[in-house]
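Take a look at the structure set out below.
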Amino acid sequence: MKHFFNNITKGLSGIVFPRVCVCCGRENTAQQRQLCSFCLNDRFEDANPENERASSDTLLPEGILAQQALWNFDKGGVLQDLMHLLKYERLITLGIDLGRKLGERIRKHPFLNHTLLQGPISILPVPLHYLKYRFRGFNQAFKIALGFQQVWPQIPICDIKSVVRIKNTRTQTGLTLEKRLRNIKDAFSVNNPSMISDHSVVIVDDVFTTGATTFELAQTVLASGARAIIILTVAQA
Ligand SMILES: [Zn+2]
């Protein structure tokens, strides 16, 4: 009987933490991780090997100190698929694993490592509209922020009610830059500026594409008194 229950417990832990890597499908020996150590450490290309202020070619608007993605999208679209999983599958620890990896990478970026040690500072995951949140059940940017905070425990995450998304925008995928900008205009609102006013704000999201979303959020937060913005994402297109 004891043997029977042991087997059930093992089986259940296999469902919560699959024994295969969600990215490559190979056997995953990393305990309680969704990604094998190859996919987490060596599979994708570092988006900013020279540690520049911006990892993409996009010109940063005034008030945005730096923009840093962890990895570049690969030609095969594997990272894109992984980001899709993060958004639409309930892989509870995947976002946290990726956020932790992002946090570890920032530790090795001299400028960002220095800047993030200066307070007051707070982490702001890009908010989801409440209808989307209710449908999805979680905010992937918040999961990434939680993992990030494991490496940077001194930086608090903004309360989810303090900055909200008031416009339920359609997906930005496939839109031209002009349409993206129109789509996202006035999408965010600051309810409680206490964690923003006079703070450096680290905006965290899954993917950086044109910057339309994070730049719009940055504008809103700067207008509420933020000192400076740093944009951090797992991937960049
Ligand atoms: Zn793997």
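All ligand and atom numbering here is 1-based and tracks the order in the structure.
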Self-check item: Heavy atoms from other residues, nucleotides or ligands near CG of Leu131 exceed 12 (cutoff 6.0 Å)
Solution: yes

Practice problem: To the nearest 10 degrees, calculate the angle at the Zn ion (ligand 1) involving SG of Cys21 and SG of Cys24. | Solution: 110°

Quiz prompt | Arg43/Asp74 ion pair, N-O < 4.0 Å | solution = no

Quiz item: In degrees, rounded to 10 degrees, what angle do Cys39 atom SG and Cys36 atom SG make at the Zn ion (ligand 1)?
Solution: 110°

Self-check item: Heteroatom N/O/S of Cys23 within less than 2.8 Å of the Zn ion (ligand 1)
Solution: no

Quiz prompt | 4.5 Å side-chain heavy-atom contact, Val201 and Ile229 | solution = yes

Quiz item: In terms of ring plane angle, is the pair Trp152 and Phe148 parallel, tilted or perpendicular, where the classes change at 30° and 60°?
Solution: parallel

